[in-house]
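Some notes on the structure that comes next.
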Protein chains: 2
Amino acid sequence: MAKTGDRARTTAASALGSLDFALDRGSPVPLYHQLAQQLEAAIEHGVLAPGNLLGNEVDLAVRLGLSRPTVRQAIQSLVDKGLLVRRRGVGTQVVHSQVRRPLELSSLYDDLETAGQAPTTEVVRNEVVPAAGDVAAALGVPEGGEVTVLDRLRRTHGRPVALLRNYLPAPLLDLDSARLESTGLYRMMRSAGITLHSARQTVGARAATAREASRLDEEEGAALLTMRRTAYDDTGRPVEYGTHIYRASLYTFDFQLLVRP
Amino acid sequence: MAKTGDRARTTAASALGSLDFALDRGSPVPLYHQLAQQLEAAIEHGVLAPGNLLGNEVDLAVRLGLSRPTVRQAIQSLVDKGLLVRRRGVGTQVVHSQVRRPLELSSLYDDLETAGQAPTTEVVRNEVVPAAGDVAAALGVPEGGEVTVLDRLRRTHGRPVALLRNYLPAPLLDLDSARLESTGLYRMMRSAGITLHSARQTVGARAATAREASRLDEEEGAALLTMRRTAYDDTGRPVEYGTHIYRASLYTFDFQLLVRP
DNA sequence: TAGTGGTCTAGACCACAAT
DNA sequence: TTGTGGTCTAGACCACTAA
């Protein structure tokens with residue numbers, strides 16, 4: 001009975017059908033998340049090729065022994081990640097292409113480490129000082145209140161890449177310089193129970209001063225990438241304010257945007 | 001019996017209770033979206049102040065005559081926008097602070113327009129050329145295939161701000177220079193039925209060449225902000241590739257990040 | 001016309017946090 | 001212990017797309 005048109009569809013569907021989705025109802029991991037992870041892995045490994053139809057949600061739910069809302073929740077999470085596209089009356093397709101990780105609130109340390117760049121950090125300064133005007137405003141502390149200022153020099157392959165200056169409300173966290181050099185600031189904050197929620201960033205450029213140039217192995221006047229960021233925890237409290245500069249010859253910001261429907 | 005602590009809660013809850021959520025079941029706008037819009041407006045106008053609890057979902061659903069999943073969907077959309085935070089066992093709160101618009105796939109034209117900067121555009125070049133290597137790779141066309149190249153100079157208050165170079169697959173769109181000068185490229189694409197889905201961007205910096213400097217009213221060697229972008233439609237097909245440069249003295253990228261839970 | 005995703009309902013039980 | 005959000009079910013009807 002299968003005609004050619006049907007066979008094309010069947011191929012896409014059976015690629016999905018042959019996958020052994022192992023759902024563990026005893027696991028603390030939600031079912032929709034288990035399914036989403038396995039779908040993502042299938043896309044990642046090319047089992048589900050770009051353009052493939054996923055097969056309709058109702059059948060999928062029946063086949064997996066799940067309810068349709070649960071299956072939808074799994075699919076929706078991948079749509080939000082940009083891996084799938086849904087079209088009413090058509091179906092759910094794997095997005096063609098080049099979808100990578102979106103822009104996340106990651107630290108430079110994580111960025112470089114995942115890129116296999118073996119970053120090292122030198123803590124140049126780590127002390128408590130009274131907050132100046134812009135710092136006080138960004139962190140929501142009174143002017144002159146105590147803040148920790150942190151200057152770090154980051155290198156990859158022995159070459160300096162960035163000068164990082166961060167301010168934190170002093171009572172927030174105990175900043176051990178040795179741990180900072182091996183771990184990165186955001187990881188230390190996370191393991192101290194601070195859950196980052198959002199951040200505002202401004203990225204710009206300017207010429208290097210003589211002092212900056214000498215620290216970064218650049219010529220005076222060389223183009224630098226600048227980043228200013230205020231990060232908030234999930235109560236909306238500012239927990240970090242940073243002004244960073246990067247060697248434009250060695251570093252760029254690379255990220256993906258998704259259009260909200 | 002109401003102690004001070006209780007009163008704070010009550011106030012927050014009644015602020016929500018006194019809101020007249022007008023849900024129109026005849027409207028083509030989904031109920032969850034109507035609710036989300038009205039909640040967002042209440043937050044925007046300060047009716048729901050930062051830190052206020054929203055009251056539990058079940059009661060809210062009953063009061064509005066909706067099912068709990070529908071109410072949850074509305075709340076979830078605002079959580080995704082970063083306006084609300086949910087805590088199990090605690091409740092749903094309005095996020096403190098400074099939450100603004102997130103980074104979107106907006107055009108510079110839109111950015112400047114919404115900032116009230118009255119941008120003007122001069123189309124310097126608009127022609128069909130064979131695709132060079134990097135352009136062909138980015139747009140997924142054969143090398144030497146026809147692409148439209150578009151050079152534009154953008155000014156605000158009469159001062160040059162950016163040089164925009166864009167490449168598009170030639171058959172995709174009819175690019176009328178006059179309309180481009182009054183409208184912006186992304187709007188033209190949208191009204192041509194192209195729905196943007198995602199983009200990859202790289203932001204960096206470098207020194208201005210003599211030619212760039214003269215076009216942008218800068219000194220040779222001045223720091224420029226650079227942006228390279230490939231945009232995709234919802235089928236994953238590349239629809240635009242751009243290499244832009246901005247005067248760092250007049251322009252920065254400003255955006256908000258949300259941490260995925 | 002048939003098939004798809006989009007929306008919505010009315011329940012249920014569980015995990016976690018505060019009291 | 002109580003109240004909250006987190007998850008899940010088993011249906012229903014609708015709007016849109018393509019043949």
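Keep in mind that the numbers below use all heavy atoms, side chains included, and drop hydrogens, waters and symmetry copies. Below, chain A is the first sequence line, B the second, and so on; all start at residue 1.
- Counting to the nearest Å, the P atom of D:dC8 and the CG atom of A:Leu31 are 4 Å from each other.
- Distance, B:Arg88 CZ to D:dT7 C1': 9 Å, rounded to whole Å.
- Rounding to the nearest 0.5 Å places OG1 of B:Thr92 at 12.5 Å from CG of B:Leu83.
- Under the 4.5 Å side-chain criterion, counting only non-hydrogen atoms from C-beta, B:Phe253 is not in contact with A:Thr202.
- Look at CD on A:Glu57: it is 11 Å from P on C:dT7, rounded to the nearest Å.
- Here C:dG6 presents its P atom at 11 Å from CZ of A:Arg87, a figure rounded to the nearest Å.
- Between D:dT4 and B:Asn56, a contact under 4.0 Å exists linking OP1 or OP2 to a side-chain N or O.
- One finds a side-chain N or O of B:Arg86 lying less than 4.0 angstrom from the OP1 or OP2 phosphate oxygen of D:dG6.
- The stretch residues 71-80 of chain A does not touch DNA chain D, since none of its heavy atoms comes less than 4.0 Å from the strand.
- The phosphate of C:dT7 has OP1 or OP2 within less than 4.0 Å of a side-chain N or O from B:Tyr32.
- Per the geometry, CG belonging to A:Asp234 stands 15 Å off C1' belonging to D:dG5, to the nearest Å.
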What do the steps show when you test A:Glu181 against A:Arg152 for salt bridge (Lys or Arg N to Asp or Glu O under 4.0 Å), and what is the final call?
-> CA-CA 9 Å; A:Glu181 300 201 337; A:Arg152 291 171 296 163; over 6 Å; no
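- In this model, the phosphate group of C:dT9 is approached by a side-chain N or O of B:Thr70 to a distance below 4.0 Å at OP1 or OP2.
- Using a 4.5 Å heavy-atom cutoff, the side chains of A:Val141 and A:Glu146 are not in contact.
- Taking every heavy atom of both residues into account, A:Tyr232 and A:Ala199 meet most closely at CD1-CA, 4.4 Å.
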Please list, for nucleotides 10-12 of chain D, all pairs of protein and nucleotide N/O atoms separated by less than 3.5 Å.
residue	atom	partner	partner atom	Å
D:dA12	N6	A:Arg68	NH1	3.3

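- In this structure, B:Thr92 reaches the D:dG5 phosphate: one of its side-chain N or O atoms is under 4.0 Å from OP1 or OP2.
- The shortest side-chain heavy-atom distance between B:Tyr241 and B:Arg228 falls under the 4.5 Å cut-off.
- Once rounded to the nearest 0.5 Å, the distance linking CZ of A:Arg229 with CG of A:Leu164 reads 9.5 Å.
- Between A:Leu84 atom CG and C:dG5 atom C1' the separation is 13 Å, expressed in whole Å.
- In this structure, B:Leu54 places its CG atom 19 Å from P of D:dG3, rounding to the nearest Å.
- Side-chain contact between B:Leu23 and B:Leu66: present, with at least one pair of heavy atoms (C-beta onward) separated by less than 4.5 Å.
- With D:dC8, C:dG5, C:dT9 as the choices, the nucleotide that has an atom nearest any side-chain atom of B:Arg25 turns out to be C:dT9.
- B:Gln201 contributes atom CD, which lies 4.5 Å from atom CZ of A:Phe255 (distance to the nearest 0.5 angstrom).
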